Amino acid sequence: MAPADRTGGDETGTVDAGALGRRSFLRLTGAAGASLLFSAAAGAPSTQALTGVAGQASVARKRRAYVLVVDGARPDELGTALTPHLRALRDAGRNFPAARSLPVMETIPNHVMMMTGVRPDRSGVPANAVYDRSEQTIRDLDRPSDLRFPTVIERLNRKGFTTGTVLSKEYLFGIFGTRATYRWEPAPIVPVSGHAPDAFTMDAALSMVEELDPNLVFVNLGDCDRMGHSDLTGTTLQAARTAALVDVDTQVGRFVDMLKTSGRWRDSVVIVLADHSMDWSDPHQIISLQPALDADPMLAGNVVVAQNGGADLLSWTGPADRRAPALRRMRDIALATDGVLSVHEPAQLRLGDNAGDLVVYCRSGWRFSDPAPYSNPIPGNHGHPATQPIPFFVSGGHRLVRQGTSSAAARTVDVAPTVGTLFGLGDPRGGYDGTSRL
Amino acid sequence: MTSIELDRRTLLTTGAAATGAVALGVALPDEAEAAANRYFKHGVASGDPHPTSVILWTRLTPTPKATPGSGRGPRATVRWQVAEDRRFRRVVAQGRFTTSAARDHTVKLEARGLRPRTTYFYRFLYEGVASRIGRTRTAPAAHATPANLRFGVVSCSNLPAGYFSAYRHLARCNDLDAVLHLGDYLYEYGAGSYGDVRQPVPAHEMVSLSDYRRRHAQYKQDQDLQLLHARNPFIVTWDDHEVTNDAWAEGAENHDPETEGDYLARRRRAHRAYDEWMPVRMGSEVALGDGTRLFRRLRFGRLAELSMLDLRTYRDQQASYPVADGTVSDPERTITGAAQMRWLKDSLRQERAQWKLVGNSVMIAPVVFPPLPNDLSRKVNDFTGLLPEDGAPYNVDQWDGYTADRHEVLGHLADHGVQNTVFLTGDIHSAWACDVPLDAGTYPLERGRSVATEFVCTSVTSDNLNDITGTAPARSSIPVEAAIQANNRHVKYLNFDDHGFSVLDVTAARTQMDYYVISERTDPNATVSWAASWATDADTQAVRPVDAPVRER
């Protein structure tokens with residue numbers, strides 16, 4: 001199908017979208033005929049202006065970077081016979097089998113690290129859920145203002161490049177907000193999981209590239225992660241996970257095919273990675289720290305737990321002059337609890353002030369469920385060190401892409417410097433915490 | 001693998017001639033070999049390569065009466081040289097070392113100031129006579145990302161049981177970074193106790209310091225072992241026979257306090273002789289007597305880090321047969337000791353290098369055995385100790401006898417998301433390739449998933465199944481191997497029949513173990529052939545067969 005055939009081209013006008021600020025909406029038609037809604041920065045080139053370019057037999061030469069995040073994938077899952085497209089893409093580029101996610105091994109902080117190139121003590125985003133002291137509540141870090149460091153998205157925009165985000169999860173769409181030139185608003189959203197299925201996400205990514213053609217597109221494919229999370233019985237976990245892997249491989253295959261058939265491949269760097277991997281806990285291996293902390297006379301009512309699956313962030317809310325002994329007691333109680341692996345001060349993990357006073361990790365096969373034992377019913381979790389290994393490879397047809405396998409320790413925080421290298425961006429103020437993998 | 005002939009006479013000739021006989025007062029070539037034999041009868045060796053240093057070793061015989069273990073002979077000073085070329089035109093490090101009867105006239109020093117991942121040549125000089133020339137290689141720089149690493153892997157070399165043809169053939173590999181010897185480098189037994197192809201020296205079991213020194217000296221005079229030492233740095237650990245059979249922290253199966261005295265005193269003697277005669281660090285420095293800590297790390301850039309274990313010095317006594325209670329799982333019992341366990345866990349958790357290689361003297365993958373006819377079980381037990389006759393599923397001398405420690409290590413790998421751990425193992429005179437499951441009972445499901453792999457090399461000469469049964473190779477082993485694999489799904493490859501060596505090749509994409517076997521251990525001219533290859537792809541924690549060995553790089 002020629003790109004022009006599935007372009008609605010009907011810009012719907014400029015509206016006031018509240019938190020997202022002034023923006024224009026672009027309604028495109030995806031491969032399946034569904035309508036896709038994009039928002040665009042005010043003044044960004046519209047699809048009508050771009051359609052003529054996209055419709056040509058060969059696209060204009062320009063640098064292109066695509067970051068495809070297979071949310072929650074384990075490194076051994078993307079190189080098998082089940083995932084031939086991903087394997088071929090990996091083998092065409094440079095693989096980093098020693099790659100790891102960074103604390104806390106959750107979705108939002110690692111996507112932020114990818115796009116900023118800095119650790120949470122600089123970005124302000126240490127976990128999915130934190131205790132917000134000013135609001136005195138536990139909340140997701142899903143607001144654009146939570147992210148305090150310039151992303152490579154904004155920095156590219158300032159240099160005259162265009163950018164796009166195709167993020168399947170609502171909270172990712174939330175925190176990255178209007179930063180990109182073009183943003184897909186994830187839909188349809190699966191109830192409970194809060195994400196859009198990969199087929200829809202990829203439809204959006206394809207349309208965005210073909211019709212709007214940003215220099216950088218940041219894509220989150222959420223099915224693998226959500227298939228890990230959402231099976232409450234565990235009985236169909238393996239089958240569902242396998243199905244998700246096969247499907248994400250198909251979606252990535254579509255994307256690569258589009259790059260090649262449209263002539264974009266030779267100009268493209270395609271980075272495929274996960275934000276974290278996944279660990280499955282047994283039904284009886286659940287840790288609830290909140291009741292244990294509340295049962296202690298010194299701590300009762302003065303500790304808040306922000307639960308992040310495999311990591312609990314503990315915040316002391318009592319008097320400041322009792323903080324030091326209270327933290328010692330919190331640490332002792334946590335370490336005495338079955339299934340707890342370790343306790344850390346946030347600074348040890350470079351998490352910054354938002355992470356509370358102590359970070360508690362669980363062991364493999366366990367999960368946190370706070371504040372109550374029924375709060376987290378899902379078996380697939382991450383956030384703890386067991387979920388650090390991730391797939392990470394840099395592929396594409398661009399001349400800077402090298403082939404082979406590297407023992408270098410790639411990290412999620414390496415994505416921004418890698419993208420920066422392609423586009424000739426200088427380092428951000430204070431430098432990157434990551435390393436270019438080009 | 002292709003062969004090289006680093007001819008010893010050629011090296012001595014060119015080395016001596018090129019160095020300049022006048023300047024160094026070196027003997028003329030024709031005289032050199034005989035003189036070297038007079039002063040340096042036990043060859044040269046190197047070991048424990050670091051990026052900028054390596055240990056050099058030899059043993060000087062300053063006078064004919066200064067025989068190993070004799071306690072006789074004068075103090076004497078040798079010179080040593082390290083050069084970039086085999087003609088010693090570009091000497092980059094040199095010095096003097098004084099030895100004496102107090103250390104059995106052994107020479108062991110650390111050559112420093114070298115360049116990373118560089119091949120060097122070294123020699124010793126005494127009274128104007130040069131030793132044979134050794135070749136060694138430093139490790140890659142700490143942050144280097146070498147394309148590959150290659151190690152020879154050997155274990156269980158019992159001299160009376162046969163000839164060290166495996167060493168000779170391994171010495172022909174021209175591309176090794178080092179040779180890993182995973183234990184049982186020498187055996188303690190007296191004549192006729194464990195092999196009669198060659199006679200041990202002394203003829204009785206080694207017990208005294210003199211005994212241990214003489215036995216080391218005998219092994220170091222084996223021409224095949226000398227050749228392998230001269231061509232590659234060794235990285236060694238001991239198993240039990242370096243002291244005595246089935247050793248543990250305070251005793252051993254083959255030690256009788258009534259007739260052989262205090263065990264710990266015997267062990268101190270054995271360790272002292274080992275420290276004198278092996279090119280190994282046993283402490284923070286290379287100095288003799290600076291410690292007996294053999295567990296240590298060797299780093300090979302970002303590609304691999306090798307943790308060498310000592311599983312004999314700190315372990316609790318083995319459980320007794322039949323295993324009728326929970327002794328093997330008692331969390332109070334240990335195979336590593338607390339300090340080594342902390343150290344190992346720290347080694348594995350570090351993200352310094354992609355591959356976590358563990359030099360492991362006894363097998364860690366669980367082996368649960370099926371019922372076999374007792375007659376066959378006993379014969380398998382003769383060399384593996386794996387099959388309790390009453391069906392209790394453990395070899396209590398390996399990690400199966402210390403399951404709490406195994407759970408501690410494997411759980412640690414799972415808890416910290418440690419990928420790419422490969423155990424390299426000796427001890428049981430047979431070749432294996434295994435996944436290492438978190439729980440063998442539920443492997444390969446998620447809860448029992450593999451968290452590491454293990455490659456076990458076969459013995460250089462020590463008995464395996466057909467040696468014991470007296471049957472043709474494979475006649476006894478086929479049903480045993482089939483039964484083991486049927487009951488241990490994580491065991492993917494088994495060879496109970498052959499002797500030989502292995503070559504481990506490490507790249508960022510995979511580790512590959514090539515298994516080579518010799519034709520006949522009693523034949524001093526035995527030939528070699530490739531038997532099998534197995535690999536672990538990065539991030540898979542699983543072994544897979546490979547259809548060809550690696551080629552020389």
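All figures in this text were calculated on a predicted structure; none of them were measured in a lab. Throughout, a chain's letter reflects where its sequence line sits, starting with A, and its residues are numbered from 1. Any value given below was found using the heavy atoms of this structure, including those in side chains, with hydrogens, waters and symmetry copies removed.
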| query | Who wins among B:R447, B:R302, B:H416 for the most heavy-atom pairs under 4.5 Å with chain A? | reply | B:H416
| task | Check whether B:R349 gets within reach of chain A through its side chain, its backbone, both or neither, counting any heavy atom under 4.5 Å. | result | neither
| request: Work out which heavy atom in A:R363 is nearest to a heavy atom in B:G411; give both atom names and the distance. | output: NH2-CA, 4.2 Å
| message | Counting C-beta onward and ignoring hydrogens, is there a side-chain heavy-atom pair between B:E351 and A:R411 closer than 4.5 Å? | response | yes
| message | Minimum heavy-atom separation for A:A386 and B:A414, please, with both atom names. | response | CB-O, 3.2 Å
| Under 3.5 Å, is there a donor-acceptor pair between the A:S364 and B:R449 side chains? | yes
| field | Top of A:S342, A:A409, A:S406, A:A408 for chain B proximity - count of heavy-atom pairs under 4.5 angstrom | value | A:S406
| Any ion pair linking B:E446 and A:R74 (charged N to carboxylate O, less than 4.0 Å)? | yes
| said: Quick check: closest heavy atoms across B:A508 and A:P97, and the distance to 0.1 Å? | reply: O-CG, 3.4 Å
| Test side chain to side chain contact (heavy atoms under 4.5 Å, CB included) applied to B:Q419 and A:D76, step by step | CA-CA 10 Å; B:Q419 305 275 92; A:D76 57 327; 5.7 Å; no
| field | B:R510 portion near chain A, given a 4.5 angstrom heavy-atom threshold | value | neither
| query | Which heavy-atom pair separates A:P75 from B:D539 by the least distance, and what is that distance? | reply | CB-OD2, 3.3 Å
